[in-house]
Amino acid sequence: MVPLARRLHTRTRAAGGAGALALVVLDDVGKTYRGRGGAYEAVRGVSLDLAEGEFVCLLGTSGCGKTTVLNMVAGFEAPTAGRILLDGAPVRGPGAERGVVFQGHDSLYDWLTALDNIAFGLRLRGLPKRERRARAGHFLRLVGLDGQGAKHPAELSGGMKQRIQIARALAADPRILLMDEPFGALDAMTRATLQAELSRIWAETRKTVLFITHDIEEAVALSTRVAVMTRGPGGTLKALIPVDLPYPRDRTSDGFMAVFRQVHALIHAEIHPQ
Ligand SMILES: Nc1ncnc2c1ncn2[C@@H]1O[C@H](COP(=O)(O)OP(=O)(O)OP(=O)(O)O)[C@@H](O)[C@H]1O
Ligand SMILES: [Mg+2]
């Protein structure tokens with residue numbers, strides 16, 4: 001059987017790149033910030049199409065423009081060049097079909113408990129209270145915070161707040177998950193557990209995921225394709241590496257190591273340019 005990554009890759013390519021079957025299309029996207037410090041070109045010429053059900057990791061050094069790209073797909077920032085399409089229509093702002101896990105852990109509502117933070121989006125969707133609570137409880141357990149639901153954000157550690165954010169995004173059941181270094185603040189054990197859970201949830205639900213990380217091993221473990229960015233200014237896509245390995249991934253296998261080395265060489269060249 002042809003691995004999923006290759007099938008998706010071939011399908012989008014066969015459809016003619018930026019086009020027909022892709023759920024999200026970034027077409028020659030650029031972003032120049034203009035502020036008191038003058039103009040800064042953060043991102044330049046990024047073209048990438050995400051097929052439905054793909055898991056793409058965006059990997060690059062600090063400041064290369066990863067969050068900028070994600071914020072544009074989320075609709076929080078508008079591109080200053082090129083265009084972003086969702087289901088063929090230009091992205092004009094945020095939408096419920098895109099769930100975002102922000103970098104850092106300060107996006108929770110301070111006045112709501114952990115459980116109510118997770119349940120918040122469900123209220124907007126009109127789910128009855130009992131169902132909201134049950135669903136929020138399920139995702140609270142999933143991120144390993146059973147029994148912590150009554151605490152407010154100020155009473156939670158950084159890693160706990162990060163996990164509440166992840167639970168909130170998953171509970172809302174969006175079609176597309178946009179995750180900005182969601183496991184960055186977690187200890188190695190929790191991180192490994194949540195990587196496995198995310199992989200399982202993705203395999204079950206076939207969501208489309210755009211996932212940002214600095215961590216090459218995490219990218220190779222999770223994704224169907226790794227999109228490697230050049231360093232800024234004007235960060236752009238340097239390579240798109242398909243990861244045609246079966247899930248769950250064996251991080252000690254020759255295949256895994258080979259992809260790891262390939263991606264590592266690309267990143268290393270950005271950190272230590274000739
Ligand atoms: N609102 C803004 N105004 C001006 N410049 C910005 C703004 N947001 C980001 N930048 C600049 O754009 C560049 C890319 O920032 P971005 O946050 O996208 O990087 P990143 O790849 O996510 O980095 P990290 O891995 O550290 O999170 C940086 O040089 C940053 O200073
Ligand atoms: Mg960032």
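What's counted below: heavy atoms across the whole structure, side chains too, no hydrogens, waters or symmetry copies. Every number for a ligand or one of its atoms is a count from 1 in the order of the listing.
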- Item | Under-4.0 Å protein heavy-atom contact, atom 27 (O) of ligand 1 | yes
- Task: Could you tell me whether Glu41 and Lys31 make a salt bridge, using a distance below 4.0 angstrom between a side-chain N and a carboxylate O?
- Result: no
- Task: Could you establish whether Gly232 and ligand 1 come within less than 4.0 Å of each other, counting only heavy atoms on the residue side?
- Result: no
- Query: When you measure from the centre of the six-membered ring of Phe183, is the NZ or CZ of Arg163 under 6.0 Å away and within 45° of the axis?
  - Reply: no
- Task: Determine whether more than 12 heavy atoms belonging to other residues, nucleotides or ligands lie under 6.0 Å from atom CZ of Arg251.
- Result: yes
- ligand 1 to Glu77 polar contact by distance, N or O atoms, under 3.5 Å: no
- Nearest protein heavy atom to atom 25 (O) of ligand 1, by residue and atom, and its distance? Lys66 NZ, 2.7 Å
- Query: How are the rings of Phe260 and Phe256 set relative to one another: parallel (under 30°), tilted (30 to 60°) or perpendicular (over 60°)?
  - Reply: parallel
- Query: When you measure from atom 12 (O) of ligand 1 to every protein heavy atom, which one gives the shortest distance, and what is it?
  - Reply: Ala42 CB, 3.4 Å
- What protein heavy atom is closest to atom 6 (C) of ligand 1, reported as residue, atom name and distance in Å? Tyr33 CD1, 3.2 Å
- Query: For ligand 1, which atoms sit closer than 4.0 Å to a heavy atom of His214?
  - Reply: 25 (O)
- From Thr67, does some N, O or S atom reach closer than 2.8 Å to the Mg ion (ligand 2)? yes
- Query: So which heavy atom in the protein is nearest atom 16 (P) of ligand 1, and how far is it from that ligand atom?
  - Reply: Thr68 OG1, 3.7 Å
- Message: If we only consider heavy atoms of Gly65, is any one of them less than 4.0 Å away from an atom in ligand 1?
- Response: yes
- I would like to know whether Thr67 and Asp180 meet side-chain hydrogen bond (donor to acceptor under 3.5 Å, both in side chains); could you show each step before the answer? CA-CA 7 Å; Thr67 297; Asp180 194 349; 2.7 Å; yes
- Does Asp116 pair with Arg132 as a salt bridge, N-O distance under 4.0 Å? no
- Near Tyr40, which atoms of ligand 1 are under 4.0 Å from a heavy atom of that residue? 12 (O), 13 (C), 29 (O)
- Near-ring test Tyr247/Phe55, centroid separation under 6.0 angstrom: no
- Task: Mark the output for Gly63 as yes if a heavy-atom distance to ligand 1 is under 4.0 Å, and as no if none is.
- Result: yes
- Message: For Met229, state whether at least one heavy atom is located under 4.0 Å from any atom of ligand 1.
- Response: no
- Item | Closest approach of any protein heavy atom to atom 22 (O) of ligand 1, naming residue and atom | Thr67 OG1, 2.8 Å
- Item | Positive for side chain to side chain contact (heavy atoms under 4.5 Å, CB included) with Val69, one of Leu48, Leu26, Val29 | Leu26
- Task: Examine Arg206 relative to Trp202 and say whether NZ or CZ is less than 6.0 Å from the centre of the six-membered ring and inside a 45° cone about the ring axis.
- Result: yes
- Message: Is Thr68 close enough to the Mg ion (ligand 2) that one of its N, O or S atoms comes in under 2.8 Å?
- Response: no
- Under 3.5 Å side-chain donor-acceptor pair for Thr68 and Asn71: no
- Query: Applying a 4.0 Å heavy-atom criterion (strictly less than), which segment of Glu181 is in contact with ligand 1: side chain, backbone, both, or neither?
  - Reply: side chain
- Query: Are Arg135 and Glu131 close enough for a salt bridge, meaning some N to O gap below 4.0 Å?
  - Reply: no
- Item | Test item: protein heavy atom less than 4.0 Å from atom 30 (C) of ligand 1 | no
